[in-house]
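Remarks on the structure that follows.
The sequence lines fix the lettering, A, B, ..., with proteins before strands; numbering per chain opens at 1.
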Amino acid sequence: MKNTIRQVFHSPKFVVGFCIFMAILLTMLVYPFINPGDPLKMIGLGTFAEPGTYVSMYDSVGAPFSTFKIPDADVKRLDKLLTQEDRAKMREWLELAQVDVSELDVGDMDSLLAMWKQHYDPEIRIPGMIKAVRNYYIRLNNSILSASVSDTLKVTDTDEATGETIEKTKISKTDYVNVDDVANVISLPLGTDNFGRDTLKQLVAACGVSISIGLIAGAVATALGLLLGLLAGYLGGWVDDFIMFFTNIFTVIPSFVLLILINYSINQDQRGAGTVALVIGLTSWVWTTRSVRSQVISLRNRDHVNLSRLSGHSLPRIILTDILPYIASYVMMAFILQVSSGILAEAQLSLLGLGPKTTEVPTLGLMMNWAMLYSAHLNGSWWAYFPVILVIALISFSLNLMNTGLDQVFNPTLRE
Amino acid sequence: MQKTRKLLSMLLAIALLCSLFIVPASAETVELPRNETLYFAGIQWGSVNGWNPLSDDMNNGMAITQNAGGSRSIMFETLYMYNMLDGSLTPLLADGDYVWNDARTEITVKIKPAAKWSDGTAITAEDVAYTFATSVKIGNARGNSYKPFIETVEAVDDSTVLIKAKLNDEGAAVNPLQMITYLEEAYVFQKAWVEAVEARSGDDPAAVKRDLGEDVVWSGPYTKYYADDQKVVFVRDDAYWGQDASMWGTLPVPKYIVHTIYADNPAGETALKAGEVDVCQQFIANIQDLWLKDGLPISTYMDEAPWGICVNMPTAYYNLDKPVLQNAALRKAIALAVDYDAIIQNAMTGQSPSFADVPRSLMNPTAGEQATFDHEAVKDLQWAGDDAASAIAMLDAAGIVDTDGDGWRDIDGEKISLNACCPNGWTDWMAAMEIVAAAGEKIGIEITTEFPEWSVYQTVVTAATQDQYDIFMMWTDSAAPTQPWGRVRQLMSSEFVGVEGNWSGNWGHFSNARADEIIAAIPSETDEAALKALYTEAVQIYLTEVPSFSLMYRPNMFHAVNESVWTNFPDASDGRNIPPAICVDGYGIAALYELELVNP
């Protein structure tokens with residue numbers, strides 16, 4: 001046993017797959033301690049907040065500040081307000097409004113802004129200008145007007161009793177707050193999804209659920225396949241005929257179609273993650289049965305089995321001690337592949353809206369389903385679906401690598 | 001032998017080559033000049049069944065859609081055009097304003113002398129009268145829904161129509177508002193054509209409705225040109241009567257109107273982004289990103305949230321056939337706990353005013369409807385949502401507590417377990433139901449979502465009774481002359497309880513005697529103060545009993561336009577008073593006459 005394990009861990013493919021899988025498992029176990037809480041909590045109002053760190057504006061106003069005089073701060077501020085493209089567009093508008101712009105240097109922000117404020121009027125209708133462009137200029141103008149002109153910004157509040165305006169504090173352009181001093185900073189490395197839920201937190205939780213769906217499905221399929229294969233192969237005769245009759249029927253029915261039909265017939269409110277896993281397991285045992293059976297048939301007439309039979313050993317004992325150990329490595333590999341395909345099957349089902357009911361636990365497929373329903377793929381919100389695809393790919397890649405690694409160790413024809 | 005084989009293979013190759021040329025050639029027949037064509041999306045799903053406007057199932061959205069909020073009049077026309085911006089009726093086939101008699105039991109409408117059918121014959125009062133008579137006779141949707149309100153439509157002479165109301169016991173019109181709605185909702189059909197259909201159907205009502213109407217006579221500015229499972233194309237009728245100075249004085253600008261048939265919303269959205277669609281009637285999540293982030297020449301009626309005029313109130317109904325939901329405290333508690341801001345911001349992506357801006361009632365957010373009830377009198381009953389604390393207190397006070405310690409509340413020792421349903425694929429509704437379910441968890445009531453297919457959903461929801469869906473979504477009426485009365489009736493009237501095939505309202509089967517009295521009293525009430533008192537009381541009943549609760553406000557039509565080819569679409573700030581009705585509904589069609597090319 002020890003030797004086998006050492007052999008297995010000498011296979012580079014297995015080791016790589018194993019490491020990836022363990023890394024995923026480790027993240028799954030550790031991350032909830034770093035970022036605890038309900039992964040399905042809708043924290044954000046609005047859909048698909050971009051990845052990044054969000055600092056509470058409210059809290060940063062009162063926080064202690066330091067003063068820094070950064071030479072290009074003003075330039076940066078203006079660049080954020082008005083991109084080069086915006087400036088070119090402003091010049092374009094002025095030209096269209098028949099303002100003399102021959103003297104104007106777009107690089108000179110002050111004169112551009114001065115000229116803009118002097119001439120721009122949202123009421124002016126420039127012939128041939130479409131509404132979308134007119135709206136763009138109105139928005140641009142509003143952001144220019146709302147941008148602070150003075151060096152300090154006053155924060156005021158209203159006294160509830162008297163209705164008076166009280167000046168709370170002044171913020172200067174050179175005031176900087178250390179992020180550590182702000183009470184509320186949220187870090188969303190993968191932004192939020194369409195419900196305003198933390199995508200990373202959900203992804204980690206979903207990963208766990210999907211892997212357990214895979215494990216349940218794999219265990220069910222392998223156990224069923226193994227049992228039927230052993231019985232059919234060892235007993236032969238009418239038992240073999242009977243089992244193979246059903247196996248052949250299920251082989252010719254595409255299992256995914258069967259999966260869709262069964263899931264469709266189960267009402268959504270009965271469809272928990274466990275049920276879906278069970279259904280996946282119950283539809284994917286056929287190939288395991290066939291291969292286990294054929295291996296058992298070849299084992300059945302080996303000398304040690306015959307000897308065992310002559311010694312009057314019982315059927316379960318023969319199967320457990322004389323046959324099972326010889327196919328254990330194969331069963332293990334089949335199990336790994338079943339887990340991988342179980343995870344994929346859940347993702348495919350959920351994408352069709354036939355996955356587990358959605359309010360209880362996140363799964364990888366459900367995350368993709370909602371991302372697709374809210375057109376994340378069309379509006380550029382890659383963080384809502386791409387990491388999910390990546391994780392699914394990594395999980396099945398690692399499982400498949402482990403499988404090939406094991407194959408190389410156990411399969412004499414592949415052994416180097 | 002060798003030669004024959006060679007020859008055969010040559011022939012085969014030639015045949016194959018020829019077939020390559022034949023396929024594009026047949027498609028070329030509908031290749032239309034882009035700068036003469038206005039493309040639509042979001043109205044026609046699946047291919048068109050036919051052109052018979054007397055029928056209700058032609059699946060012909062662009063040509064046949066009669067709607068109290070403004071009928072689609074590119075091919076068939078109504079007497080008046082409704083404008084939801086100010087509630088006005090602009091004469092179309094009618095000449096001048098309609099006139100009530102003193103008792104408000106009869107409406108007289110004149111027909112425009114210039115109005116003509118496509119075959120050149122004049123449109124007469126006889127056509128209007130025969131349209132109504134036939135609709136009632138064959139029992140189509142228009143006939144059935146107006147039969148309780150209109151006694152007869154008569155032709156006094158060629159150009160004068162007299163519409164007589166059904167009278168109640170006091171001798172007054174049952175509902176004068178519905179009669180006005182008829183003027184802007186119902187199309188007028190040519191008597192001669194209707195008679196021809198009846199003749200070839202052997203006067204069998206079902207056969208009349210089954211007729212495909214390929215030979216239909218129309219009066220509007222466009223007519224059918226080409227239709228298959230890919231698209232439906234309309235071409236301008238250059239002989240259209242409306243170019244007469246007494247109507248538009250000109251023809252509509254686009255020569256062709258095309259609706260490509262898309263598989264789903266994302267396909268339509270992609271086409272809009274690519275500039276292949278000019279006018280898009282689809283819910284597009286985060287629509288502002290199309291211009292703010294992507295810089296596309298796309299805009300909506302208003303350049304700020306909610307980007308449209310919200311007149312509809314998608315509502316979650318409680319199934320009152322279920323004994324557990326007959327508990328009003330439970331109904332109100334769930335409604336209190338729901339986070340409506342999350343629904344509006346996440347499910348509707350901000351395309352709705354919030355319930356803090358427009359507190360809930362039976363009325364939509366338009367100023368006209370909001371003025372119909374006393375805001376102070378209902379203030380204490382309204383709620384803005386996301387208030388789990390009050391909901392929990394309410395449940396505790398009502399004795400709905402967790403008796404067996406499983407974390408879920410019980411009624412009569414049984415765990416309350418509800419489902420929240422809406423049709424699969426209706427994205428914003430599905431997300432809203434998820435948020436309702438999340439609210440249940442906060443207050444200890446198990447709610448799970450279920451998204452059946454629309455074909456199943458509609459049969460369950462419109463059944464006389466049902467025990468499958470506990471909380472389920474349906475829409476409400478939008479703006480129309482009968483509102484907000486129509487919506488009060490739709491949300492609370494017990495006349496819809498136990499009706500098989502109920503498409504009209506009160507899908508939760510609520511009944512309240514006082515509400516029914518109010519619904520009966522409002523239409524004939526003319527005193528402003530009394531009317532306001534009635535509406536206020538109706539809102540009070542609704543907010544106390546909570547037979548249903550609105551989840552968001554929503555436009556009747558989404559109206560996103562791409563100005564790659566066409567411009568001068570209606571805009572909230574342009575002062576033209578053209579409603580955002582996708583350029584074809586009600587008075588919204590006025591936009592078609594003012595479109596301009598971006599690059600003429």
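Of the atoms belonging to A:Tyr136, not a single heavy atom falls under 4.5 Å from chain B. Residue contact with chain A, scored on non-hydrogen atoms closer than 4.5 Å, is absent for B:Asp294. Neither the backbone nor the side chain of B:Ile343 comes within contact range of chain A, judged by heavy atoms closer than 4.5 Å. Proximity to chain A is absent for every atom of B:Glu596, based on heavy atoms less than 4.5 angstrom apart. Both the backbone and the side chain of B:Asp428 come within contact range of chain A, judged by heavy atoms closer than 4.5 Å. Of the two parts of B:Asp341, the backbone and the side chain both hold a non-hydrogen atom closer than 4.5 Å to a non-hydrogen atom of chain A.
Checked by atom type, the side-chain pair A:Tyr31/A:Asn35 shows a donor-acceptor distance below 3.5 Å. Side-chain N/O atoms of B:Asn286 and A:Thr47 include a donor and acceptor closer than 3.5 Å. Side-chain N/O atoms of B:Asn568 and B:Glu594 include no donor and acceptor closer than 3.5 Å.
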Report the C-alpha distance between A:Leu203 and A:Leu364 in whole Å, list the side-chain angles of each, state the deciding distance to 0.1 Å, and finish with yes or no for side chain to side chain contact (heavy atoms under 4.5 Å, CB included).
-> CA-CA 7 Å; A:Leu203 181 62; A:Leu364 295 171; 3.7 Å; yes
Side chain to side chain contact (heavy atoms under 4.5 Å, CB included) between B:Trp408 and B:Ser417, intermediate numbers included | CA-CA 9 Å; B:Trp408 302 108; B:Ser417 178; over 6 Å; no
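No other option in B:Ala431, B:Ser573, B:Ala342 has as many heavy-atom pairs under 4.5 Å with chain A as B:Ala431. Across B:Thr300, B:Asp289, B:Ile435, B:Ile284, the residue that shares the most heavy-atom pairs under 4.5 angstrom with chain A is B:Ile435. Heavy-atom pairs under 4.5 Å with chain A were tallied for B:Asp571, B:Asn599, B:Thr349; the largest tally goes to B:Asp571.
Centroid-to-centroid, the aromatic rings of B:Phe569 and B:Tyr301 stay 6.0 Å apart or farther.
Side-chain contact check for B:Met430 versus A:Trp370: some heavy-atom pair is nearer than 4.5 Å.
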